[in-house]
Amino acid sequence: MSRLRRGTLGRKEIIDNPVNPIRMINHWDNMDGSVERGYAGQSIFYKDYQIIEDLERIKDYARLLASVGINSLTINNVNVHYQETKLICEPYLSGIARLAEVFRNYGLKVYLSINFAAPMQLGGLETADPLDERVRKWWQNVGKEVWRTVPDLGGFLVKADSENRPGPFTYGRTHADGANMLAQAIAPFDGKVIWRCFVYNCHVDWRDRKTDRAKAAYDHFKKLDGQFDDNVVLQIKNGPMDFQIREPISPLFGALEATNQIMEFQITQEYTGQQKHICYLAPMWKECLEFDTYAKGQGTLVKDIVKGETFKNIHGGIAGVCNIGDSQCWTGSPMAAVNLYGFGRLCWNPDLSAEKIAKEWINLTFGMDETVEEAVLEILLTSRKAYEDYTVPLGIGWMVNVSHHYGPNIEGYEYSPWGTYHYADYKGIGVDRTVKNGTGYTAQYHEPNASMYENKETCPEELLLFFHHIGYDEKLKDGRTLLQYIYDVHFAGVEQVQKYVKLWRNLEGKVSNAYYEKVSNELEVQLKDAIEWQDIVNTYFYRKTGIGDEKGRKIYP
């Protein structure tokens with residue numbers, strides 16, 4: 001087959017099949033029209049507690065998702081409030097059927113997030129105990145009614161026993177009990193139960209340094225391996241905490257050998273700049289998918305586990321928390337669209353490189369101008385590291401404003417019940433998660449990963465403070481002290497954003513005026529925010545230690 005010249009078209013036959021069976025988008029939309037952790041406007045599905053009537057934008061959205069290979073989606077928030085609880089019954093079911101018909105025409109199945117306590121809130125029962133026969137019968141009747149109205153509904157997504165959501169723990173039952181009860185109710189209709197593993201105690205006493213939120217998902221679900229029905233799929237966040245810019249892979253990947261499982265990524269930029277900052281996430285997702293768990297020896301990669309190949313699971317795949325809304329460009333920031341595109345492409349083929357995906361998106365978005373491609377590619381491929389540098393490097397995470405998670409607040413969560421601590425004092429910083437002296441989290445990994453993380457000499461440096469408490473005067477691999485590294489990367493992160501501003505200015509006239517102005521304004525916001533992060537973080541550690549920057553740069557006393 002002849003090679004095509006740049007900018008030319010010709011005949012080319014391609015056979016390309018998806019790797020992951022489940023390629024899912026999770027919407028966190030509420031019926032009042034708001035979107036939890038949404039940064040692109042209001043919901044495209046709901047307004048004023050009603051399902052929208054005009055489905056033209058829904059049709060466009062279905063076509064958009066199909067174009068990158070997505071085949072399923074949930075259309076309401078995993079935190080199911082009272083009104084959303086009623087989506088499984090009339091008068092809302094007919095509206096769900098209308099939405100499902102639109103997505104069906106583009107090869108997508110609709111799922112609903114459900115409230116585990118619905119039998120109490122809607123059915124008048126005094127319990128939601130999954131082993132109570134009345135509860136089981138209630139869900140069976142719901143299944144019949146839901147699938148009578150929406151015959152090809154994909155199933156239910158469930159968040160239970162987490163962040164004050166109801167679940168089987170209330171009744172002394174396991175998550176297998178809860179998930180299987182629902183699975184059996186909808187099995188006659190070929191429905192699946194997608195059960196989230198984001199389960200932890202959000203009422204931790206910060207004085208207790210042995211309780212480790214990172215251990216929670218493994219502790220809850222490892223012991224249940226093999227106990228879930230065939231139409232239950234566990235949805236596991238990529239990291240053990242909560243979508244930070246740098247976390248290790250969740251140790252549940254490789255620990256569950258007899259359970260269907262899918263990876264959960266966050267496309268919406270909750271902790272990564274909230275779509276005001278450019279932060280291309282595909283490089284991070286690639287690292288997760290390529291991680292070697294050693295579960296069946298060397299070469300047991302996460303990407304093979306989640307697609308169902310490694311342990312021959314029936315169902316597998318990847319889900320992503322969506323980043324779209326009713327904004328004119330779908331994603332609020334035009335540059336954030338690369339993450340939705342990149343997510344779809346990695347679901348379809350996790351072997352694609354982040355660079356190839358970025359080039360595809362740039363060419364589809366801006367055309368084939370080589371100057372534009374070169375500049376935008378440089379911005380995208382360095383943006384994750386830049387964001388990490390000027391915010392929270394070395395895996396420490398958090399340090400954000402409470403609740404809305406935007407902007408620096410170094411000790412915002414430090415004495416809170418959420419379990420998101422960094423333990424900074426005047427001597428050092430970091431969480432000791434070793435077996436020898438810490439929380440024991442490292443033992444949740446297979447060897448040799450467990451030993452690698454246990455030893456601070458072999459722990460990957462980008463995760464050093466996630467696994468170890470390190471003194472500010474300790475030397476890193478390049479000879480810098482930890483404190484000097486913190487200073488250096490925060491200045492470097494700002495310098496990188498300054499470079500983005502210059503690169504983008506050179507593209508004036510080469511991209512549309514509207515696009516150019518929008519991204520220019522956002523880069524100014526990103527630069528301002530990066531400087532704020534730099535100044536607050538560096539000042540915080542200077543005040544903690546009294547040790548200045550050896551290069552004499554400005555730090556505020």
Side-chain angles (χ1 to χ4, degrees), residues 26 28 36-37 74 76-82 84-85 88 111-123 125-132 135-136 138-139 142 155-186 192-205 208 211-229 231-243 250-252 255-256 259-262 264 266 319 321 416-420 441 444:
N26 288 175
W28 286 358
E36 184 172 339
R37 309 307 181 192
T74 57
N76 64 301
N77 194 353
V78 292
N79 295 311
V80 185
H81 308 300
Y82 175 71
E84 291 80 8
T85 298
I88 56 176
Y111 285 69
L112 290 175
S113 297
I114 59 107
N115 183 347
F116 193 81
M120 301 171 69
Q121 294 192 14
L122 301 181
L125 300 180
E126 70 277 8
T127 181
D129 183 349
L131 299 190
D132 188 299
V135 173
R136 301 175 72 87
W138 189 85
W139 279 111
V142 165
F156 295 149
L157 174 67
V158 188
K159 177 180 178 179
D161 289 317
S162 183
E163 299 181 331
N164 304 310
R165 300 303 303 161
F169 284 172
T170 302
Y171 310 98
R173 312 304 186 190
T174 71
H175 277 239
D177 293 330
N180 291 343
M181 177 271 293
L182 291 168
Q184 289 157 22
I186 66 177
K192 297 184 187 70
V193 171
I194 312 292
W195 191 273
R196 294 180 88 230
C197 294
F198 186 51
V199 178
Y200 71 98
N201 178 11
C202 64
H203 300 285
V204 175
D205 184 346
D208 174 14
T211 299
D212 186 359
R213 172 172 164 175
K215 296 174 65 178
Y218 184 101
D219 286 347
H220 287 311
F221 288 94
K222 167 60 178 173
K223 59 192 175 187
L224 301 177
D225 190 25
Q227 296 182 30
F228 293 91
D229 286 2
N231 60 327
V232 174
V233 184
L234 298 188
Q235 184 165 302
I236 307 167
K237 286 191 176 186
N238 61 279
M241 294 296 278
D242 192 13
F243 301 131
S250 170
L252 272 179
L256 300 176
T259 303
N260 299 317
Q261 58 201 276
I262 59 177
E264 179 181 339
Q266 190 178 44
V321 182
S416 78
W418 292 96
T420 54
Y441 169 76
Q444 293 186 346

S.K.: Report the distance from atom CG of L224 to atom CZ of F221, rounding to the nearest 0.5 Å.
M.R.: 7.0 Å

S.K.: Could you walk me through whether R37 and V321 pass the side-chain contact (heavy atoms from CB on, under 4.5 Å) test, one step at a time?
M.R.: CA-CA 9 Å; R37 309 307 181 192; V321 182; over 6 Å; no

S.K.: Can you name the closest pair of heavy atoms from L256 and Q261 and give their distance?
M.R.: O-NE2, 2.9 Å

S.K.: Using the side chain to side chain donor-acceptor pair (under 3.5 Å) definition, which of the options H175, R196, R173, H220 pairs with D161?
M.R.: H175

S.K.: Enter the distance from N180:CG to R136:CZ here, rounded to the nearest 0.5 Å.
M.R.: 8.5 Å

S.K.: Distance only, no hydrogens: is a donor on one side chain within 3.5 Å (strictly under) of an acceptor on the other, for D242 and Q266?
M.R.: no

S.K.: Please report the interatomic distance CD(Q235) to CG(L157), rounded to the nearest 0.5 Å.
M.R.: 5.5 Å

S.K.: Can you give me the closest heavy-atom contact between A183 and N231, atom names plus distance?
M.R.: O-ND2, 2.9 Å

S.K.: Can you check whether R165 reaches N79 side chain to side chain, under 4.5 Å on heavy atoms?
M.R.: yes

S.K.: As an exercise, state the distance from OH of Y171 to OG1 of T127, rounded to the nearest 0.5 Å.
M.R.: 4.0 Å

S.K.: Closest heavy-atom contact between W139 and F116?
M.R.: CZ2-O, 4.3 Å

S.K.: Is a side-chain donor or acceptor of T74 paired with a backbone partner of L112 at a separation under 3.5 angstrom?
M.R.: no

S.K.: So does W418 get a backbone contact from the side chain of R213, meaning a donor-acceptor N/O pair under 3.5 Å?
M.R.: yes

S.K.: Roughly how far apart are I194 CD1 and I114 CD1, rounded to 0.5 Å?
M.R.: 12.0 Å

S.K.: Specify the closest pair of heavy atoms between L252 and Y218, including all atoms of both residues, with the distance to one decimal.
M.R.: CD2-CA, 3.8 Å

S.K.: Measure the spacing between CE of M120 and CG of D129 and express it to the nearest 0.5 Å.
M.R.: 10.5 Å

S.K.: Please determine whether side-chain contact (heavy atoms from CB on, under 4.5 Å) holds for the pair I88 and L122, giving the CA-CA distance in whole Å, both sets of side-chain angles, and the decisive distance to 0.1 Å.
M.R.: CA-CA 10 Å; I88 56 176; L122 301 181; 4.2 Å; yes

S.K.: Would a 4.5 Å heavy-atom cut-off, applied to side chains only, mark I186 and V193 as touching?
M.R.: yes

S.K.: List the atom of S113, the atom of N77, and the distance in Å for their closest heavy-atom pair.
M.R.: CB-O, 3.3 Å

S.K.: For T174, is there any backbone N or O sitting under 3.5 Å from a side-chain donor or acceptor partner on D177?
M.R.: yes

S.K.: Between the side chains of E264 and N26, does any donor sit under 3.5 Å from an acceptor?
M.R.: no

S.K.: Kindly give the heavy-atom pair with the smallest separation between A176 and F228, and that separation in Å.
M.R.: CA-CE2, 3.4 Å

S.K.: So for atom NZ, which belongs to K223, do other residues, nucleotides or ligands contribute more than 12 heavy atoms lying within a distance under 6.0 Å?
M.R.: no

S.K.: Taking only residues two or more places apart in sequence or in another chain, which ones pass salt bridge (Lys or Arg N to Asp or Glu O under 4.0 Å) with E163?
M.R.: K159

